[in-house]
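Notes follow the structure.
Numbering of ligands and ligand atoms starts at 1, following listing order. Keep in mind that what you see is a predicted model, and the values were worked out from it rather than measured.
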Amino acid sequence: MAAQVEIYEGALDRGLEGVVACSTGISSIQDATLSYRGYTIEDLAAKSTFEEVVFLLWNDRLPTADELTALKKELGAQMTLDPEFVKALKTLPTNVHPMAWLRTATSLLAHFDKEAQDMSEEANHRKAVRLTAKMTTLVTAFDRIRNGKELVAPKADKSVAYNFFWTLTGKEPDAEIVKDFDTCLVLHADHELNCSAFAARVTASSLSDMHSAVVSAISALKGPLHGGANEQVIRMLQSIGSIESCKTWIARALDNKEKVMGIGHRVYKNGDPRAKVLRAMSERLTKKIGEAHWYTMSTMIDDIMREKKDLLPNVDFYSATVYYSMGIPTDLFTPIFAASRVSGWLAHMLEQWKNNRIYRPRGKWVGKSLQKLNR
Ligand code: COA
């Protein structure tokens, strides 16, 4: 007799809403408070750097000054892409969405990593550093390759945030923009059991390797209901076009039962704390480039959605105008999310492997009853 399957009906076919799928000590969402390893996102956004957060996520504590220097050095050394790998990368078609390219490029990266199949703790640490360091360079490499430009060598003594702009443009980036971008990386680094982290953990639970689990996560992040929303937000604003058109555009979208991108969240019902930090940044940066109307339009949509649907902005809503103001190409918005979130995915894998059991849930049978094959 097959074991009876106990089913939490509330979550069934509802995207596992409310289901606790594993224990985790990486990041926590309590009402409108997000914390990484016990530090609130507001504190980390104001007072830490992406590299510190990477250490925090992987080690359950902040680094000492020496540890931080060592991690920065390791990341800096690993940002450069191997010339043979670049040769192979250049054979990939670039007439696809950058997330599709990034997914394939990450998979290809495994073929050039001698430790790809080594599951020892030491090798996994080294791979985590390599994957985190190279994800940013991959994103900018895509943009340069598709535009027929030579790749720019990363500067080993500079941060991930600095190198994003440096390897994208080959120009010295504005220090204030680098600082703001670093804050964006901090804000996106982890988010409890989101869709892509869960995908990473599920793949890791079969004792598959790190690169494979990152590929699973990138694939999940790619969708418009997850990381893909930030790109859709700026496209929506551009399609609305003006402050005057906001009200009617949103009313029509709601009448047509369309989702307004960057709005709503499965877990936060009283607001996403990351959106608050990004809203202030969006106001400042859109003003700085002389295009404050994008911020004004965003706040109008924000107000309408609160009033009409009781829905609040999520991390993707204001990050769209932030990245736009930084001059980043629109289709790189979601890959940037991956460049930060990879640190969280890796933390989830390391946590999963510390107490692993393969994920293997059950399905409630709603199909046909047993039939005879009459032949
Ligand atoms: N615009 C319009 N209506 C929305 C909405 C949005 N962005 N988000 C949710 N709703 C509505 C749904 O239509 C639904 O209404 P109904 O009960 O009348 O049918 C209700 O709110 C619940 O939405 P649901 O899709 O079931 O919520 P969820 O928990 O499954 O989804 C999201 C959460 C984030 C996927 C969803 O809010 C969404 O699609 N947002 C836009 C995409 C986005 O920004 N994603 C990034 C997430 S960080």
Under a heavy-atom criterion of less than 4.0 Å, does [X] contact ligand 1?
X    : value
K257 : no
G15  : no
E17  : no

For [atom], the protein heavy atom that lies nearest, with its residue and separation:
atom                    : answer
atom 42 (C) of ligand 1 : M261 SD, 3.7 Å
atom 34 (C) of ligand 1 : G264 O, 3.6 Å
atom 33 (C) of ligand 1 : R266 N, 3.7 Å
atom 26 (O) of ligand 1 : R14 NH2, 4.0 Å
atom 25 (O) of ligand 1 : K259 NZ, 2.9 Å
atom 43 (C) of ligand 1 : A229 CB, 3.5 Å

Go through ligand 1 atom by atom and flag the ones less than 4.0 Å from a non-hydrogen atom of [X].
X    : value
G262 : 43 (C), 44 (O)
M305 : 1 (N), 2 (C)
E258 : 2 (C)
K309 : 3 (N)

Practice task
Mind checking side-chain hydrogen bond (donor to acceptor under 3.5 Å, both in side chains) for S343 and listing every partner two or more places apart, or none if nothing turns up?
Solution key: none

Exercise for the section: Answer yes or no: is there a donor N or O on one side and an acceptor on the other, between the side chain of Y39 and the main chain of R61, under 3.5 Å? Expected result: no

Answer yes when [X] and [Y] have at least one side-chain N-carboxylate O distance shorter than 4.0 Å, and no when they do not.
X    : Y    : answer
R279 : D302 : yes
D113 : K127 : no
K155 : E172 : yes

For [atom], is some protein heavy-atom partner under 4.0 Å away?
atom                    : answer
atom 19 (O) of ligand 1 : no
atom 22 (C) of ligand 1 : no
atom 28 (P) of ligand 1 : yes
atom 47 (C) of ligand 1 : yes
atom 14 (C) of ligand 1 : no
atom 31 (O) of ligand 1 : no

Who's closest to [atom] heavy-atom-wise, of [options]?
atom                    : options                : answer
atom 40 (N) of ligand 1 : D316, I263, I301, V233 : I263
atom 10 (N) of ligand 1 : V315, L225, L311, N314 : L311
atom 6 (C) of ligand 1  : L254, I250, V260       : V260

Problem - Partner of M79 by side chain to side chain contact (heavy atoms under 4.5 Å, CB included), out of T136, V160, T140 - result: V160

Handout entry: From K276, K269, R274, residue fulfilling salt bridge (charged side-chain N to carboxylate O under 4.0 Å, His left out) relative to D272
Key = R274

Does a side chain donor of either [X] or [Y] reach within less than 3.5 Å of an acceptor in the other side chain?
X   : Y    : answer
E67 : T64  : yes
T24 : E192 : no
T33 : D31  : no

Practice task
Could you tell me whether Y268 and H191 have their ring centroids closer than 6.0 angstrom?
Solution key: yes

Exercise for the section: Any pair with a residue in residues 330-340 that passes salt bridge (Lys or Arg N to Asp or Glu O under 4.0 Å), sequence neighbours left out, goes on the list, sorted by first then second residue, please. Expected result: R146-D331

Handout entry: Verdict with reasoning, L254 to M305, per side-chain contact (heavy atoms from CB on, under 4.5 Å)
Key = CA-CA 9 Å; L254 293 181; M305 292 303 287; 4.0 Å; yes

